[in-house]
Novice: 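First, the structure itself, so that you have it in front of you.
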Protein chains: 2
Amino acid sequence: MASSVGPSRARKVTLRDVAQLAGVSVATASKALNGRDEVSEETRRRVTEVAERLAFTPNTLAQSILAGRSGTVGLLTNDLDGRFSLPILMGAEDAFGAGQMSVFLCDAREDAIREQHHLKALLGRRVDGLIVVGSKTDPRPPLGSKVPVPVVYAYAPSTDPADSSVVVDNVRAGRAAVEHLLATGRRHVAHVSGDVSYSAARDRAAGAGAALAEAGLDHVGPVRYGSWSEAWGRAAVAALLDADEPVDAVVCGSDQIARGVLDALRDRGVRVPDDVAVVGFDNWEPMISGSRPGLTSVDMRFQDMGRRAAERLFAALDGSDHPGVEAIEPRLVVRGSTVPEA
Amino acid sequence: MASSVGPSRARKVTLRDVAQLAGVSVATASKALNGRDEVSEETRRRVTEVAERLAFTPNTLAQSILAGRSGTVGLLTNDLDGRFSLPILMGAEDAFGAGQMSVFLCDAREDAIREQHHLKALLGRRVDGLIVVGSKTDPRPPLGSKVPVPVVYAYAPSTDPADSSVVVDNVRAGRAAVEHLLATGRRHVAHVSGDVSYSAARDRAAGAGAALAEAGLDHVGPVRYGSWSEAWGRAAVAALLDADEPVDAVVCGSDQIARGVLDALRDRGVRVPDDVAVVGFDNWEPMISGSRPGLTSVDMRFQDMGRRAAERLFAALDGSDHPGVEAIEPRLVVRGSTVPEA
DNA sequence: CTGTTAGCGCTTTCAC
DNA sequence: GTGAAAGCGCTAACAG
C-alpha cells in the first residue's frame, strides 16, 4: 500500500490511551508502569501488556516538567573538527550513557556570541548541567556568573580557579617524555615544538626542561617553536642537524611534528632509534600508525578527561562536588622510536 | 561570601513570577513575550523589562508538550571516533543550528542493542526526527518499522530503498580520479585499495575501472586490495614495482594508503608526479597536509552530506519530502601528486 | 488496591 | 486589552 513508511501522522499514544484500553485510570496506569507497589499484579500485567501492544513510550518531557530535572546535559564544544574535543566528548557520552542522561551537542566555534546563543537554548531546554570543551589548553573566560546549573570545563579550564575544570597536565607530560629518554641513556635532547602562543607548547617544554635540569642537563640549543605541522618538523630537523651539535633525542611538541621529524631524519640517513630517539605528544592514532618506526608518544588521555568531567558534573548535581582544577595524569606509550623493537 | 559560585538552588523563575511582578496575568505575560499583537505597547514593555531583569528563560519543555513538537532531533552515530561521522555531524549541526533545533548526540558503537536503547530514550524525549550515521558505506538494516518520526540515514544507507538516505557516490569518485589521470596524460594506472569487504573499496575500483575501459584501457595488474593503512600502501608499492610492468599512476583507496604509497615511492627514488602520479580519496586534512608532494584527492564532502541529511529531515518534517537514496557528488582536489606544482 | 483531585509551566480559546 | 479557565501528559497526595 501507499505510504506505509512515511512519517506516521498518527497521534502519539499517551498514557490515557493505555489506561482506557486497560480499563483503569491514568493514575493506576502510571503506578503500574512505574513499578510502584500499590497495584495488584493482575492490573500491572494487563496495563503492561496494553502499553507494550500500543508501543507506548512515556513522554519524558512531561515527566521532566514535574520532576524539575530533565535528565539531559549540554555539551558545549568549540572545535568539533578538532582532535581534542571528540575523544573528550566520547568519554563524557560514555559516562552518561551508562545512566539515563541524554546529551545535547552544540558547537560554538570559538564564537562567544554563538556560545551565548546555544547556552540560552540549552537552559531553555532545562539541561541539568553543562560541560564546556575548549580547543586549546589555555584558560578561557567562564560562561557567565548567572548560569543556574553546574558547569564543568574540560581541556580549556575556566580562568576562574573556583570553577570546576578538568585539564591535561602538560608540564608533567613534558617531564615524562624526558625522563623516559634519560632512562634509556639519552643525554643530548633537542626540543621541537608548535606555536609558542599555545600554553600546551610552553608547558610541555617547561616540564621537559625541568626534568633535564634535575639531571644536570639542558636542552640542546633553544626550544624551537614553530607550527603544529609535519612540515615544521622536517624543517626543524634540517636546522638541527646543520647546527652540528650532538643530538641523540628529539622531543616533539606533537605527534604531527614528530612525524615530520621522523621522515626528515630518515631522508638524511639518520637511524631511529639507534642514532636519535624521537618522542611525540597526544598518541594520535593516524600519526602513530603510519610512522616508521612506531612513535613513542605521551597520551593525554582525552577520553578519560571527558569521563572525569562527566563524573564531576554528576557529583555537582547531587551537591557532593569539590570545585577547582583537576589535572589528568598523562601516560607514556613506548614504541620503536625510542627503544629498538623486539 | 561562601558558595557564590555553587549551583544556585534558587527555584527557577517562571512565567508566573514575571506576571506577578509586572502586575498582569500569566496569559497576558505570555502574549506580551511571544509578540502576539493583542497587548498594549505599554504592557509589553513592562513585561519584557521584568522578564529581562529576572533573567527569565521560558521552559521549552512546557512549550513542547503543548506544541506537540520538541524542536529537537536525534543524531544516532555509530563511530564517533571515526573520520566520517564527525564531519557529517558538523554539517548537520550546522544546518540545524541556524534554526531553533537542538541536537541530541548518541553513539551506538555498532551495537544494535545499544542503538535500540538510545532510540527509545530519544523517542521518549520526543525528538521530531532522527539522523542515523553509519561508519561504512555498506547498507545497514533500518531502525525498525514502527519509528513514529522521520528518519534520514547518512553515509550508510538503509537497506530499504524506500527509506531516506544520503550517501557518497564512490563509483563516481573512482571515475573522477581516473578521468583526471587520463586527462593529464597517464595511461598505466594501478589501483591499491583497502579492505575488499568494504563496498567503498569495491565501488571506487569499479568506477575507476569503468573510466579506464571507456578509454580502451585496463588497470595495470589486478586491483590490489589490502587494509586501510599506510603500511599496506608501502607494501603494495614494493609488489607493484617488482612486478616490473610500466606504471605511471596509482589510484589509492584512501588518503592513508596514498600516504604510504607516496612515502614508499620516495624511498625507492621514484619521482612524483614526474614518473608516477598518485591520487587518494577523502581529502583528509591530516594526511594531505603532511604529504610530499601535496596529495591530489577526491573529497567526498562529508560535511555537505550532513547538511543535506538535515535538510531532508526538515523536508520530511513538513511533509514535503521525497524519500529514496540521494548521492552526494564528490569533488576532485588537484595537488602536486598528479600535476607539478607551480 | 483504585480513582479522584491537584498541579508542573506554559499557551490558547473566550468571555469581560 | 486583559484575565479566567481549560488542557498538554504526566505524577503525587489523598480519599474511598
Side-chain angles (χ1 to χ4, degrees), chain A residues 10-48 50-51 54-72 100 120-121 123-128 148, chain B residues 10-48 50-51 54-72 100 121 123-128 148-149:
Chain A
R11 199 178 47 73
K12 279 267 167 48
V13 9
T14 106
L15 185 55
R16 191 164 56 198
D17 302 332
V18 176
Q20 221 147 37
L21 237 158
V24 296
S25 74
V26 221
T28 306
S30 170
K31 288 170 197 156
L33 293 177
N34 290 342
R36 320 287 256 78
D37 50 342
E38 318 140 87
V39 269
S40 75
E41 261 327 304
E42 157 58 10
T43 306
R44 186 190 311 276
R45 209 197 40 67
R46 195 149 33 88
V47 173
T48 316
V50 172
L54 298 189
F56 167 70
T57 319
N59 188 333
T60 312
L61 269 40
Q63 296 179 152
S64 304
I65 212 177
L66 266 293
R69 302 175 313 97
S70 63
T72 62
Q100 307 298 348
K120 190 141 196 174
L123 292 179
R125 301 217 135 84
R126 292 301 185 263
V127 292
D128 296 332
Chain B
R11 202 177 46 74
K12 279 266 168 46
V13 14
T14 107
L15 185 54
R16 192 164 56 194
D17 303 333
V18 176
Q20 221 146 37
L21 235 159
V24 296
S25 74
V26 228
T28 307
S30 170
K31 287 169 196 158
L33 292 177
N34 291 342
R36 321 288 257 78
D37 50 343
E38 318 142 88
V39 267
S40 75
E41 261 327 305
E42 158 58 10
T43 306
R44 166 157 310 149
R45 208 195 41 66
R46 196 148 33 88
V47 172
T48 317
V50 172
L54 298 188
F56 168 70
T57 318
N59 188 330
T60 313
L61 269 40
Q63 296 179 150
S64 303
I65 211 178
L66 268 293
R69 303 176 310 97
S70 64
T72 62
Q100 306 300 348
L123 292 179
R125 301 219 135 83
R126 291 301 186 264
V127 292
D128 296 332
V149 295

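Because only heavy atoms are used, hydrogens play no part in the values below, and waters and symmetry mates are left out as well, while side chains stay in. Residue numbering restarts at 1 for every chain, and letters A, B, ... go by the order of the sequence lines. Quantities reported herein were computed from a predicted structural model and do not represent experimental measurements.
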Novice: Looking at every heavy atom in both B:T43 and B:V24, which two are closest together, and how far apart are they?
Specialist: CG2-CG1, 3.9 Å

Novice: Is there side-chain contact between A:P58 and A:Q63, with at least one heavy-atom pair below 4.5 Å?
Specialist: yes

Novice: In whole Å, what is the span from the CD atom of A:E41 to the P atom of C:dC1?
Specialist: 9 Å

Novice: Taking A:S70's backbone N and O only, do any of them form a donor-acceptor pair with B:R125's side chain (distance below 3.5 Å, no angle check)?
Specialist: yes

Novice: Would you say the side chain of B:P148 lies within less than 4.5 Å of the side chain of A:K12, judging by non-hydrogen atoms?
Specialist: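 A side-chain contact under 4.5 Å exists here.
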
Novice: For nucleotides 8-16 of chain D, give me one character per nucleotide, 5' to 3': B if any protein heavy atom sits under 4.0 Å from the base, S if the only such contacts are to the sugar-phosphate, - if neither.
Specialist: BBBSBB---

Novice: Got a salt bridge between B:R46 and B:E42, using NZ or NE/NH1/NH2 to carboxylate O under 4.0 Å?
Specialist: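 Salt bridge: yes.
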
Novice: Rounded off to whole Å, could you give me the CZ-to-P distance for the B:R45 and D:dG1 pair?
Specialist: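 Rounded to whole Å, this separation is 17 Å.
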
Novice: Provide, to the nearest angstrom, the distance between the CD atom belonging to B:Q20 and the P atom belonging to C:dG9.
Specialist: 12 Å

Novice: Check every strand shown and say whether B:S64 touches a base, only sugar-phosphate, or nothing at a heavy-atom separation below 4.0 Å.
Specialist: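 No contact.
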
Novice: Reckon B:S40 has a side-chain N or O less than 4.0 Å from the OP1 or OP2 of D:dT2?
Specialist: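 Yes, within the criterion.
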
Novice: Using modelled atom types and a 3.5 Å cut-off, is there a donor and acceptor pairing between side-chain atoms of A:R44 and backbone atoms of A:R36?
Specialist: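 Confirmed, A:R44 side chain pairs with A:R36 backbone.
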
